[in-house]
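Worksheet: the structure to be examined is printed underneath.
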Amino acid sequence: MSTAAPLAGKVAFITGAARGQGRAEALRLAADGADIIAIDLCDQIDSVPYPLSTPDDLAATVKLVEDAGGRIVAVQADVRDEQALRAALQTGVDRFGRLDIVVANAGIAPMQSGPDGWRDVVDVNLTGAHHTVEAAIPIMVAQGDGGSIVLISSAAGLIGVGGGDRGSLGYTAAKHGVVGLMRAYANFLAPHSIRVNTIHPTGVDTPMINNEFTRGWLKHIAEELNAPTDFSNALPVQVIQSEDVANAVAWLVSDQARYITGVTLPVDAGIVNKR
Ligand SMILES: NC(=O)c1ccc[n+]([C@@H]2O[C@H](COP(=O)([O-])OP(=O)(O)OC[C@H]3O[C@@H](n4cnc5c(N)ncnc54)[C@H](O)[C@@H]3O)[C@@H](O)[C@H]2O)c1
């Protein structure tokens with residue numbers, strides 16, 4: 001990678017990087033010069049009705065980054081397992097020698113599930129983000145060079161969209177919880193020049209929503225519920241692309257955003273403002 005690249009010499013830790021937004025973020029940050037430490041569960045969670053990613057998906061991310069001239073270490077790990085996550089991150093830090101950027105992106109959307117869906121979505125989307133930051137803190141603080149942490153929330157982290165099923169309530173609650181986590185970490189880590197922000201995408205065209213179960217769920221709440229059902233954006237676009245979120249991540253973790261911390265950044269085609 002060229003030394004003129006904005007993230008040259010930096011190392012980025014990305015969770016949920018086997019596909020979707022995580023893969024796009026890995027590709028984009030690598031194109032900007034960062035070395036990538038990628039982790040993903042690559043396995044199924046019972047309450048999630050659509051297929052999660054596979055080891056082949058994670059291998060495809062590795063190939064795409066390497067084919068583009070980037071460097072990447074990929075490890076299969078579960079963000080719910082803090083020790084496994086720390087070990088996976090350390091594998092990458094041992095290889096690349098440092099850590100500058102964290103993107104807590106891994107997530108599930110078990111929208112129509114019952115109490116097990118609530119538990120799993122809070123465990124993955126909220127506790128998993130917490131584990132991701134906790135694993136990174138000692139490394140970044142000891143390094144003493146600052147850094148940037150981005151937690152991928154959702155438009156559902158700022159407004160009460162969704163249905164009344166436990167999995168959907170859990171998704172909205174967990175994504176709001178990520179904002180509280182970000183605000184506390186932003187204050188706590190500011191003396192170390194480590195910035196912490198959230199990004200709030202509207203619907204993104206990834207396997208999380210582009211599958212028969214989530215499509216069915218969207219239809220179900222549109223037909224059977226009232227107020228919280230309007231998922232239409234203000235801008236005339238049905239869904240955005242993973243690259244749109246990756247672009248925002250790339251900017252937020254760069255020096256262009258060096259004094260931006262504690263911010264909730266919608267990448268949402270105006271859906272939050274519209275509500
Ligand atoms: N797609 C959307 O419409 C949308 C909108 C707003 C926010 N988001 C959020 O964006 C993030 C990325 O989602 P996506 O759209 O790319 O979906 P995706 O399902 O394509 O990707 C999510 C990845 O996270 C991985 N993952 C799930 N549980 C994990 C765990 N316990 N440990 C490690 N990895 C795990 C999955 O295997 C998958 O590869 C998620 O946090 C999601 O909630 C998505």
Side-chain angles (χ1 to χ4, degrees), residues 13-27 38-61 74-82 84-85 88-89 103-111 119-132 135 150-159 161-162 167-168 170-179 198-211 213-215 217-218 231 233 237-246 248-249 265-269 271-272:
F13 177 41
I14 305 173
T15 66
R19 72 180 190 195
Q21 294 173 58
R23 175 186 285 173
E25 288 151 8
L27 274 165
I39 75 104
D40 202 293
L41 176 66
C42 302
D43 200 355
Q44 204 52 37
I45 294 174
D46 285 347
S47 65
V48 179
Y50 60 88
L52 294 174
S53 62
T54 65
D56 283 352
D57 291 323
L58 189 55
T61 297
V75 181
Q76 217 174 310
D78 188 336
V79 294
R80 294 171 295 181
D81 181 345
E82 190 173 350
L85 196 62
L89 173 58
V103 186
N105 164 82
I108 57 172
M111 298 311 202
R119 189 195 57 239
D120 290 341
V121 78
V122 171
D123 280 356
V124 174
N125 293 16
L126 180 56
T127 309
H130 166 59
H131 289 162
T132 303
V150 178
L151 310 180
I152 304 297
S153 177
S154 169
L158 295 174
I159 52 177
V161 286
S168 179
Y171 188 89
T172 300
K175 291 300 190 182
H176 275 72
V178 164
V179 174
T198 47
I199 286 182
H200 300 264
T202 185
V204 189
D205 185 12
T206 70
M208 175 179 280
I209 63 166
N210 199 353
N211 65 74
F213 299 97
T214 310
R215 277 194 302 271
W217 174 77
L218 286 166
F231 282 103
N233 297 316
V237 60
Q238 200 180 1
V239 287
I240 63 171
Q241 300 302 314
S242 292
E243 291 72 20
D244 297 311
V245 181
V249 171
L265 177 65
V267 180
D268 73 334
I271 194 171
V272 169

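All ligand and atom numbering here is 1-based and tracks the order in the structure. On a predicted model such as this, the values are computed, not experimentally measured, just so you know.
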Contact atoms of ligand 1, heavy-atom distance to [X] under 4.0 Å:
| X | result |
| --- | --- |
| Gly16 | 23 (C), 24 (O), 25 (C) |
| Gly20 | 16 (O), 20 (O) |
| Ser53 | 36 (C), 37 (O), 38 (C), 39 (O) |
| Thr202 | 3 (O), 5 (C), 6 (C) |
| Asn105 | 11 (C), 12 (C), 40 (C), 41 (O) |
| Ile108 | 27 (C), 28 (N) |

Considering heavy atoms of the protein only, find what lies nearest to [atom] and give residue, atom and distance to 0.1 Å.
| atom | answer |
| --- | --- |
| atom 6 (C) of ligand 1 | Pro201 O, 3.3 Å |
| atom 17 (O) of ligand 1 | Met208 CB, 3.3 Å |
| atom 16 (O) of ligand 1 | Gln21 N, 2.9 Å |
| atom 22 (C) of ligand 1 | Gly107 O, 3.7 Å |

Do [X] and [Y] touch side chain to side chain, with heavy atoms closer than 4.5 Å?
| X | Y | value |
| --- | --- | --- |
| Leu85 | Arg80 | no |
| Leu58 | Ser53 | no |
| Phe13 | Ile39 | yes |

Is the backbone N or O of [Y] less than 3.5 Å from a side-chain atom of [X], with the two atoms forming a donor-acceptor pair by type?
| X | Y | value |
| --- | --- | --- |
| Asn125 | Ile108 | yes |
| Lys175 | Ile152 | yes |
| Thr61 | Arg23 | no |
| His176 | Ala156 | yes |
| Ser153 | Ile199 | no |
| Thr206 | Gln21 | no |

For ligand 1, note which part of [X] has a heavy atom under 4.0 Å away: side chain, backbone, both or neither.
| X | result |
| --- | --- |
| Lys175 | side chain |
| Ser153 | backbone |
| Asp78 | both |
| Ile209 | side chain |
| Ala77 | backbone |

So which heavy atom on [X] is nearest to which on [Y], and how close?
| X | Y | answer |
| --- | --- | --- |
| Val239 | Asp205 | CG2-CB, 3.8 Å |
| Val103 | Glu25 | CG1-OE1, 3.4 Å |
| Pro55 | Cys42 | N-CB, 3.6 Å |
| Arg19 | Leu52 | NH1-C, 3.4 Å |
| Val121 | Gly167 | CG1-O, 3.9 Å |

Nearest heavy atom to [atom] wins, so pick from [options].
| atom | options | value |
| --- | --- | --- |
| atom 8 (N) of ligand 1 | Tyr50, Phe231, Tyr171 | Tyr171 |
| atom 18 (P) of ligand 1 | Arg80, Arg19, Gln44, Glu25 | Arg19 |
| atom 25 (C) of ligand 1 | Asp40, Val103, Thr15 | Asp40 |
| atom 14 (P) of ligand 1 | Thr206, Val204, Thr127, Ile240 | Thr206 |

Contact between [X] and ligand 1, counting heavy atoms under 4.0 Å?
| X | answer |
| --- | --- |
| Gly128 | no |
| Gly203 | yes |
| Val245 | no |
| Ala155 | no |

Within-cut-off N or O pair, Leu41 and ligand 1, under 3.5 Å: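 Yes: some nitrogen or oxygen of Leu41 is under 3.5 Å from one in ligand 1.
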Polar atom proximity, Val79 to ligand 1 (N or O, under 3.5 Å):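 Yes, Val79 has an N/O under 3.5 Å of an N/O on ligand 1.
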CD/Gln238: more than 12 non-hydrogen atoms of other groups inside 6.0 Å: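 Result for CD/Gln238: open.
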